[in-house]
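Throughout, a chain's letter reflects where its sequence line sits, starting with A, and its residues are numbered from 1. Heavy atoms only: backbone and side chains are in, while hydrogens, waters and symmetry mates are out.
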There are 2 protein chains.
Amino acid sequence: MPKVKQFNREKVLEAAANIFRQNGYNGTSIDDILKATGLSRSSLYDSFRDKHSLYLAALEFYKHTENHMFEEAGKKKLNGIQKIEYVFKEVVNYLATHPDDNGCLMVNAAAEMSKQCEQTAQIVCNNKDSIEELFTVWLDEAKKAQNIKLSKPAKTYGTFLYNTLCGLKVLSQSGASKSDLNNVVKLSLEALN
Amino acid sequence: MPKVKQFNREKVLEAAANIFRQNGYNGTSIDDILKATGLSRSSLYDSFRDKHSLYLAALEFYKHTENHMFEEAGKKKLNGIQKIEYVFKEVVNYLATHPDDNGCLMVNAAAEMSKQCEQTAQIVCNNKDSIEELFTVWLDEAKKAQNIKLSKPAKTYGTFLYNTLCGLKVLSQSGASKSDLNNVVKLSLEALN
DNA sequence: ATGTAGTCGGAATAAATATTCCAATGAATT
DNA sequence: AATTCATTGGAATATTTATTCCGACTACAT
């Protein structure tokens, strides 16, 4: 049998996602990636085809990571509203405690790449749809349990909450403090009537 | 007297801002800029120093353009709330009617450059502060005129509205429809109690 | 008309870039 | 121990990049 893989694919994708998040796609060189992932040049091209394919793989990985956090929230013994609160608390906490991480790879991808790369646009769009949908499900859950009464379709509020989420990720890159972010979350949640 | 300038500085900055908005800083080459602005290579370096300085100048120009629209809203015979409504309507309309413009240069700069370039971070931060402040003034105005009663400091709502604004600019790059954007605005404005 | 000084076009440069290629390495099976 | 083959390091390549430089041009005051 041949030599076994010396690197862990998930660790590599995580490191790649981090470096792309910091510098953007066009701002990250192959050498940057090699340094960040510890990969050899050959391994990168052998296992991930090229820089662009690695970027898309890292973006997908990032999406799954974030979705995983959302699904964890979904499994908790909380009502719909509390799940939403939990998710926003997690996001704000992450943004505030990782000031050097340059926000969110997905938002950065939407800003930098969605008009240059159709595949990125697809991932960004799918991500929006799935998170929006998750919010919507939780809102319907809360409505059925009579924790809340929505004067509009739940989907409308789902979009609103996703908009808040995207805003937070930009705001954290624009010099906002943690209490700023918390206040935004508080007002957004109070808007659910 | 020497030959007079053959190009209009504002037009150049506008064209530069547009191409940077579409491709990002690192995604835009000098050749892209020359094509977009009609400038000669020599003129670019003579009049704008280098690519990076041109980027910062274009970002400042973009900021002034957006601020101008906001100040126009401020001059209208509208109450505070109506001014806010007007501004959001303008933004949504622009985003929806310019699908190829890749959103907002300021948001894209925050995402792509704020961690790589201290000067960009400064401009982004100043922009946040001034727009937030404008919202806050208008909210205070509306409160004084008893068009609204705010249960929290006006500044808190100002930040919230700026967050909504940033969200909209990301959302429009993530496949959201115009009615999605309108619904987000509607819910955000209803949150002002 | 002539001189002046900023403008322009494009060649030249120098550096950075993504990607390919190949020989050497090393882990696991036989 | 020998064989196997993916992995690895690094040199080599080809392209793109930002920037500089210089000669030609042109609009204006004299």
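The closest donor-acceptor contact from the side chain of B:K51 to the backbone of B:T28 lies under 3.5 Å. Using modelled atom types, no side-chain atom of B:K83 and backbone atom of B:A73 make a donor-acceptor pair closer than 3.5 Å. With hydrogens and angles ignored, the 3.5 Å screen pairs a side-chain donor or acceptor of A:N102 with a backbone N or O of B:A111. Looking only at distances, a side-chain donor or acceptor of B:N163 sits under 3.5 Å from a matching main-chain atom of A:L168.
If you check residues 36-43 of chain B against DNA chain D, the residues with a heavy atom closer than 4.0 Å are B:R41, B:S42, listed by number.
For the pair A:Y45 OH and C:dC21 P, the interatomic distance rounds to 12 Å; values are reported in whole Å. The nearest whole Å value for the distance from the CG atom in B:L54 to the P atom in D:dT19 is 10 Å. Taking atom CG of A:N26 as the reference point, atom P of D:dT17 lies 10 Å away to the nearest angstrom. Regarding A:H52, its NE2 atom lies at a distance of 13 Å from the C1' atom of C:dA18, rounded to whole Å. In this structure, B:K51 places its NZ atom 15 Å from P of D:dT16, rounding to the nearest Å. Atom NZ of A:K35 and atom P of C:dA18 are 13 Å apart (whole Å). Protein atom CG of A:L44 is 10 Å distant from nucleotide atom P of C:dA18, rounded to whole Å. Atom CG in A:L34 sits roughly 14 Å away from atom C1' in D:dT7 (whole-Å rounding).
Using a 4.0 Å heavy-atom cutoff across all strands shown, B:D50 reaches sugar-phosphate atoms only and no base atom.
B:F20 has its ring centre less than 6.0 Å from the ring centre of B:Y55.
In this structure, a donor-acceptor pair under 3.5 Å is present between the side chains of B:S29 and B:D32.
Comparing atom distances between the B:I30 side chain and each of C:dT17, D:dA18, D:dT8 picks out D:dA18 as nearest.
Rotation axes derived from the C1' atoms of the five outermost pairs at either end of the helix from C:dA1-D:dT30 to C:dT30-D:dA1 lie 10° apart, to the nearest 10°.
Heavy atoms of other residues, nucleotides or ligands lying less than 6.0 angstrom from CD of B:E190 number more than 12.
Side-chain contact between B:V124 and A:Q173: absent, with no pair of heavy atoms (C-beta onward) separated by less than 4.5 Å. For the pair A:Y162 and A:S130, the minimum side-chain heavy-atom distance is 4.5 Å or more.
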